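This one's a predicted model, so the numbers in the text were calculated from it and none came from an experiment.
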Amino acid sequence: MSISNVKKFTSKKGKEGKLANMILADATGRIRVVLWTENIKLLDKFQEGDVVKINDVDVKQGFREDETHMNIRSSVEKLESKDYPDFPHTMIR
């Protein structure tokens with residue numbers, strides 16, 4: 001539903017990294033997905049409004065609610081939107 005801009009950061013140990021967030025939604029609700037440095041390249045595979053399936057993520061307690069964090073084994077698969085006509089395709093603000 002939405003994808004943030006990629007942000008750069010420096011860890012407490014001085015290592016530089018990247019971070020991006022996206023919001024995924026289906027009939028059951030919505031959840032924030034955090035992409036770390038090793039996952040940023042996956043953003044080239046899809047865009048806002050696409051129907052995607054994410055695999056192998058970690059669920060963690062976020063600041064306000066649960067969120068998922070992608071890890072080195074995580075993947076994103078773009079699905080055919082026509083196969084999911086009831087999925088929301090844009091961010092409602």
Visitor: Which distance, rounded to the nearest 0.5 Å, do you find between the CG of Leu35 and the CD1 of Ile3?
Guide: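 CD1 of Ile3 is found 8.5 Å from CG of Leu35.
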Visitor: Are the side chains of Leu42 and Met70 in contact, using a 4.5 Å heavy-atom criterion?
Guide: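 Counting from C-beta outward, Met70 and Leu42 do come under 4.5 Å.
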Visitor: On a heavy-atom basis, which atom in Gly49 and which in Ser81 lie closest, and how many Å separate them?
Guide: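 The pair with the smallest heavy-atom distance is O-OG, 4.4 Å.
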Visitor: Would the number of heavy atoms belonging to other residues, nucleotides or ligands and lying under 6.0 Å from CG of Asp66 be above 12?
Guide: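 Yes, the 6.0 Å shell around CG holds more than 12 heavy atoms from other groups.
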Visitor: For the CZ atom of Arg30 and the CD1 atom of Ile23, what is their distance to the nearest 0.5 Å?
Guide: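 So the CZ of Arg30 and the CD1 of Ile23 are separated by 5.0 Å.
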Visitor: Could you grab the distance from atom OG of Ser2 to atom CG of Asn21, nearest 0.5 Å is fine?
Guide: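 Reported to 0.5 Å precision, the distance equals 8.5 Å.
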Visitor: Less than 4.5 Å apart, any side-chain heavy atom of Met22 and any of Ile54?
Guide: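 SC-SC contact between Met22 and Ile54 confirmed.
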Visitor: Using a cut-off of 6.0 Å, state whether more than 12 heavy atoms not belonging to Gln61 lie near its atom CD.
Guide: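 Yes, enclosed.
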Visitor: So, taking the atom named CG in Asn39 and the one named OG1 in Thr37, what distance separates them when rounded to the nearest 0.5 Å?
Guide: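 Separation between the atoms: 8.5 Å.
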Visitor: Just by distance, no angles: are the side chains of Asp56 and Ser74 close enough, under 3.5 Å, to form a donor-acceptor pair?
Guide: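 The answer is no; no qualifying pair exists.
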Visitor: Kindly check if the number of other-residue, nucleotide or ligand heavy atoms within 6.0 Å of NZ (Lys53) is above 12?
Guide: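 No, not enclosed.
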Visitor: Roughly how far apart are Glu16 CD and Lys8 NZ, rounded to 0.5 Å?
Guide: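 Separation between the atoms: 7.5 Å.
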Visitor: Say whether Phe46 and Trp36 are linked into one hydrophobic cluster, either directly or through other cluster members, by side-chain heavy-atom distances under 4.5 angstrom.
Guide: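 Phe46 does not cluster with Trp36.
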Visitor: Just by distance, do the side chain of Asp50 and the backbone of Val52 share a donor-acceptor pair under 3.5 Å?
Guide: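 Flag not set: sc Asp50 to bb Val52 has no pair under 3.5 Å.
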Visitor: Count I, L, V, M, F, W, Y as connected when their side-chain heavy atoms are under 4.5 Å apart, and connections chain through other members. Are Phe9 and Val34 then in the same cluster?
Guide: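 Looking at the clustering, Val34 is in the same group as Phe9.
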Visitor: For the pair Thr10 (side chain) and Gly14 (backbone), establish whether a donor and an acceptor sit closer than 3.5 Å, ignoring hydrogens and angles.
Guide: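 Not confirmed, Thr10 side chain does not pair with Gly14 backbone.
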Visitor: Do Val76 and Val6 sit in one hydrophobic cluster, given that two such residues count as connected whenever their side-chain heavy atoms are within less than 4.5 Å of each other, even indirectly?
Guide: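 Result: yes, single cluster for both.
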Visitor: So, taking the atom named NE2 in His69 and the one named CZ in Arg32, what distance separates them when rounded to the nearest 0.5 Å?
Guide: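 Rounded to the nearest 0.5 Å, the NE2-CZ separation comes to 6.0 Å.
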